[in-house]
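Below is one structure, written out as structure tokens; comments come after it.
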Amino acid sequence: MSGRIFKPFNIGLFTIIPAGDPAPQPCGIPILLGRQGAFGSGDHETTASCLELLPAIPFLQGSRVLDLGSGTGILAIAAARLGAAAVAAVDLEHAAARSCAENAVLNGLEDRVQSVCGELSAVADRSFDLVLANIYIDILLPLADQLVAMTRSGGQLLLSGIPLQDKFDIVQRYTSLGCRISDSRIGEDFVTYLLSRP
């Protein structure tokens with residue numbers, strides 16, 4: 001795997017720190033990321049938007065979370081840092097799943113962040129308080145029924161990776177399933193939605 005070169009930086013309440021670097025002062029909620037892998041350090045606008053919205057979700061303490069398309073596991077780790085009791089981090093790529101597992105260990109969260117290499121079907125028998133999905137729209141749309149069904153009543157879905165020109169398709173699809181928009185972030189190229197399930 002190729003390596004990532006980055007310095008500690010802040011996103012919302014979080015501080016992203018490359019493994020081996022000292023924590024900067026002042027430091028937000030720390031998320032340590034290994035330098036190996038090609039899955040980003042969290043500075044992409046879609047990931048940043050998710051990290052900005054996560055702390056506003058009121059029921060994270062003790063919650064069950066799904067992170068679909070987990071990559072490095074940065075969102076899964078962030079959810080655990082905010083008090084999630086169990087996070088299933090699912091990614092099709094073996095290298096991504098390995099990176100996520102390694103980063104969970106770096107953060108001392110291997111007991112709460114479970115890295116799963118596979119499709120959504122690998123966790124289809126579970127229900128979640130929060131579903132995180134920072135993935136392509138051609139996955140978000142066909143999986144909409146499943147993602148909503150796997151979210152408990154009163155739970156929320158944080159969806160990102162949505163190109164601006166496709167935002168209305170996502171809104172129409174998920175609101176047709178009963179979801180309502182709780183919050184959103186509109187970036188230069190992408191939009192992120194926090195949706196509530198009735």
Side-chain angles (χ1 to χ4, degrees), residues 12 14 31 39 42 44-93 96-97 100 104 109 112-163 166-167 169-185 190-198:
F14 300 96
I31 297 178
F39 304 99
H44 190 273
E45 67 173 270
T46 59
T47 311
S49 294
C50 291
L51 290 172
E52 289 170 359
L53 286 168
L54 264 176
I57 298 173
F59 55 76
L60 273 177
Q61 192 69 41
S63 65
R64 292 163 298 167
V65 177
L66 167 65
D67 180 9
L68 182 63
S70 55
T72 58
I74 186 170
L75 297 182
I77 291 165
R81 284 277 192 237
L82 292 170
V87 185
V90 180
D91 203 293
L92 280 172
E93 298 287 337
C100 176
L109 294 169
R112 287 193 279 151
V113 176
Q114 176 197 16
S115 182
V116 179
C117 184
E119 299 182 351
L120 182 61
S121 58
V123 293
D125 59 337
R126 308 185 202 178
S127 65
F128 300 92
D129 302 297
L130 172 65
V131 169
L132 305 169
N134 181 15
I135 51 181
Y136 299 112
I137 189 169
D138 59 0
I139 302 174
L140 286 174
L141 286 174
L143 290 183
D145 291 272
Q146 289 174 264
L147 291 176
V148 172
M150 293 171 72
T151 307
R152 70 163 177 82
S153 179
Q156 295 188 301
L157 301 96
L158 184 54
L159 310 180
S160 195
I162 305 158
D166 296 317
K167 63 181 183 179
D169 292 334
I170 287 289
V171 170
Q172 183 178 35
R173 183 77 181 93
Y174 281 82
T175 55
S176 74
L177 295 171
C179 296
R180 61 177 180 81
I181 299 172
S182 299
D183 206 345
S184 63
R185 291 286 186 277
F190 296 91
V191 62
T192 299
Y193 287 112
L194 179 62
L195 304 169
S196 297
R197 184 185 187 277

Inset, instruction - Taking the side chain as every heavy atom from C-beta outward, state whether I162 and D169 have any atom pair closer than 4.5 Å. - result: no
Legend entry - Any T151 side-chain heavy atom under 4.5 Å of Q156 side chain: no
Legend entry - With S160 via side chain to side chain contact (heavy atoms under 4.5 Å, CB included) - residues at least two apart: T46, C50, N134, T192
Legend entry - T72 side chain reached by I77 side chain, heavy atoms, under 4.5 Å: no
Legend entry - Least distance between heavy atoms, S184 atom then Y193 atom: CB-CD2, 3.7 Å
Inset, instruction - Please test L68 against V131 for side-chain contact (heavy atoms from CB on, under 4.5 Å), starting from the C-alpha separation and ending with a verdict. - result: CA-CA 8 Å; L68 182 63; V131 169; 5.6 Å; no
Legend entry - Greater than 12 external heavy atoms within 6.0 Å of Y136's OH: no
Legend entry - A124 to M150 - nearest heavy-atom pair and separation: CA-CE, 3.8 Å
Legend entry - R197 side-chain N/O to V148 backbone N/O, donor-acceptor pair under 3.5 Å: yes
Inset, instruction - Mind listing the closest non-hydrogen atom pair of D91 and G71 along with its distance? - result: OD2-N, 2.9 Å
Inset, instruction - Could you list all the salt bridge (charged side-chain N to carboxylate O under 4.0 Å, His left out) pairs where at least one residue sits in residues 74-85, not counting sequence neighbours? - result: none
Legend entry - Heavy-atom closest contact (G118 atom, V90 atom, distance): O-CG1, 3.3 Å
Legend entry - Spacing of CD1 belonging to I135 relative to CG belonging to L120, to within rounding of 0.5 Å: 8.5 Å
Legend entry - CG-CG distance between L140 and L159, expressed to the nearest 0.5 angstrom: 5.5 Å
Legend entry - pair R173-D145: side-chain heavy atoms closer than 4.5 Å: yes
Inset, instruction - Answer yes or no: is there a side-chain heavy-atom contact under 4.5 Å between I74 and L51? - result: yes
Legend entry - Closest non-hydrogen atom pair, Y174 against L195: CB-CD1, 3.7 Å
Inset, instruction - To the nearest 0.5 Å, tell me how far I170 CD1 sits from I137 CD1. - result: 4.0 Å
Inset, instruction - Check whether any side-chain heavy atom of C117 sits under 4.5 Å from a side-chain heavy atom of E93, and report yes or no. - result: no
Inset, instruction - Could you note down all residue pairs passing salt bridge (charged side-chain N to carboxylate O under 4.0 Å, His left out) where residues 54-77 supplies at least one of them, sequence neighbours left out? - result: R64-D129
Inset, instruction - Looking only at non-hydrogen atoms, find the nearest pair between R112 and A80 and report the distance. - result: NH1-O, 2.9 Å
Inset, instruction - Starting at CG of L130, measure out to CG of L66 and round the result to the nearest 0.5 Å. - result: 8.5 Å
Inset, instruction - In sequence, state the C-alpha distance, the side-chain angles, and the governing distance for L75 and V65, and then conclude on side-chain contact (heavy atoms from CB on, under 4.5 Å). - result: CA-CA 10 Å; L75 297 182; V65 177; over 6 Å; no
